[in-house]
Protein chains: 2
Amino acid sequence: MRDPERTRGRILSAGFDYVYRQGFRATSVSEIVAAAGVTEGAFFHYFPSKNDLGYALADEVLREMMLDRWIRPLAAYGNPIKGMTVRYRKLMEATTDEELSLGCPLNNLTQEMSSVDPVFSDKLRGVLLEWIKETERYLKKAQADGYMNPEVDPRRTAEFLVMMEEGSAAIVKSLGGRKTYLSMYEGFRSYLDSISTRREKTGSRP
Amino acid sequence: MRDPERTRGRILSAGFDYVYRQGFRATSVSEIVAAAGVTEGAFFHYFPSKNDLGYALADEVLREMMLDRWIRPLAAYGNPIKGMTVRYRKLMEATTDEELSLGCPLNNLTQEMSSVDPVFSDKLRGVLLEWIKETERYLKKAQADGYMNPEVDPRRTAEFLVMMEEGSAAIVKSLGGRKTYLSMYEGFRSYLDSISTRREKTGSRP
DNA sequence: CCTGTAACATAGCGGTCGCTATGTGCCGAT
DNA sequence: ATCGGCACATAGCGACCGCTATGTTACAGG
């Protein structure tokens, strides 16, 4: 019956759901524990304060989500540039309408909390930096394998790519339509093409 | 002594400052009225509810700010594409460190409120749509005057450009450094170059 | 000068929130 | 077998928040 890991996991999971939908400060501890099927006593047993739940969300949930969505899929492609294009399209197709209107969870929490709590800021910046660093790693690999223009700076390009990935989620959230996402995809692909050395059009109609 | 317009303006202005720094829901009416030098009675005399202040912020303050920063400067350039590049760099230089760490006010409020209140969503989307529409107008002008590749879709390109403008503010807010902004500028310029017909490098060192 | 109304000011209510103080029961170690 | 501590549950406190009910004052119109 007693299962600490599971209990903590349920709180974390319910916490993510509510924070994703309503924002961190708009979500009350009572809502989270009700959804998780535990009491407030359990909550404050695992997290000294509500903020500490947010920190755990960043460290554990958001980081893992970012890697799963944006980094790990790239391992399957020989050409990272093409991999990024294909992955972006696949992600676009796999995202539900609800997720489209909710935006990127990492970006949401960052916009809400980073300028108001330095601990949030540090942890969320950490996730973003890892995202950029892993992207940069694949860009360097692309350069080493001759898939990418060797003159472009991989770090700056990685920052720009991640910006587009987060930015498109933000604008789609606001405009709320899959059609807008297509415009973002076109621009994303066109930019990747412009730094690619291969002239294979990565996404043109057959 | 009695000056209704001024009083309302002071509330609106103080409201903007606090909402920009802390977010909408984290800002209390008492904070706003204290900063504006009025009482809560005055506040609720002009705004039936706290949300109505937010609506006025979107309709009046944020819309005007967007036009001033992103649209009106473009009128000074014969070549809109070059205008966008130069304007972006000027904006980057004119932005203070504090503003850099606070991000784009429109994006902040959108991320916080649009998925939780449909009226906010409508009004903020309206500002964003106007931003895109005006950008599209200048892109069409650029095409008509032969400055831009006539094959690219101006609407989609406008959406993509606004996404980059908002996205770069978001990522700079999170990473917090002027150096990151430079990466965004490089990417922005490189994309604009790729849709330009003129081969004049718009931002190279003299 | 009078008066009605717009332009504010004051006090307080009902509700929620984060958090804590204080329990209680299970379960492994001795 | 017991016993200490971990894993929760319950109740409630103090603070704050949005909002309202009820004034009070300045000023324009007659």
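Quick note on labels: first sequence line is chain A, next is B, and so on, each numbered from 1.
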Q.
Does A/Ser196 form a side chain to side chain donor-acceptor pair (under 3.5 Å) with A/Asp193? I'd like the steps, not just the answer.
A. CA-CA 5 Å; A/Ser196 172; A/Asp193 269 356; 5.4 Å; no
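Between B/Phe47 atom CZ and D/dG18 atom P there is a gap of 14 Å when expressed in whole angstrom units. Nucleotide C/dG15 holds its C1' atom 14 Å from the CD atom of A/Glu31, rounded to whole Å. Between the C1' atom of D/dC8 and the CZ atom of A/Arg10 lies a distance of 14 Å, rounded to the nearest Å. B/Phe24 places its CZ atom 11 Å from the C1' atom of D/dG18, with the value rounded to the nearest Å. Note: CZ (B/Arg8) to C1' (C/dC8) measures 16 Å, nearest angstrom. Look at CZ on A/Arg25: it is 15 Å from C1' on D/dC17, rounded to the nearest Å. At whole-Å resolution of the value, CZ in B/Arg6 and P in C/dA6 are 23 Å apart.
Of the side-chain N and O atoms in B/Ser28, none sit less than 4.0 angstrom from OP1 or OP2 of D/dC16. Residue B/Thr7 places none of its side-chain N or O atoms closer than 4.0 Å to OP1 or OP2 of C/dA7. Side-chain N/O atoms of B/His45 include one lying less than 4.0 angstrom from OP1 or OP2 on C/dA7. B/Tyr46 has a side-chain polar atom (N or O) that falls below the 4.0 Å cut-off from OP1 or OP2 of C/dC8. In terms of phosphate contacts, B/Thr39 brings no side-chain nitrogen or oxygen within less than 4.0 Å of OP1 or OP2 of C/dC8.
Contact check for B/Leu106 versus B/Trp131: side-chain heavy atoms found under the 4.5 Å cut-off.
Between B/Tyr185 and B/Tyr88, the ring-plane angle classifies as parallel under the 30° and 60° cut-offs.
Partners of B/Phe16 according to the ring-ring contact (aromatic ring centres under 6.0 Å, His included) rule, which considers only residues two or more places apart in sequence or in another chain, are B/Tyr20. For B/Phe120, the ring-ring contact (aromatic ring centres under 6.0 Å, His included) partners at least two apart in sequence or on another chain are B/Phe24, B/Tyr55.
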Protein-nucleotides 19-23 of chain D N/O pairs closer than 3.5 Å?
from   : atom 1 : to      : atom 2 : distance (Å)
D/dC19 : OP2    : B/Lys50 : N      : 2.7
D/dC19 : N4     : B/Glu40 : OE1    : 2.6

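In the displayed structure, B/Glu93 atom CD is contacted under 6.0 Å by more than 12 heavy atoms of other residues, nucleotides or ligands.
Between B/Lys123 and B/Glu60 there is no salt bridge, since none of the side-chain N atoms of the basic residue sits less than 4.0 Å from a carboxylate O of the acidic one.
Which of C/dT10, D/dC17, C/dC17 sits closest to the side chain of A/Ser30 comes down to C/dC17.
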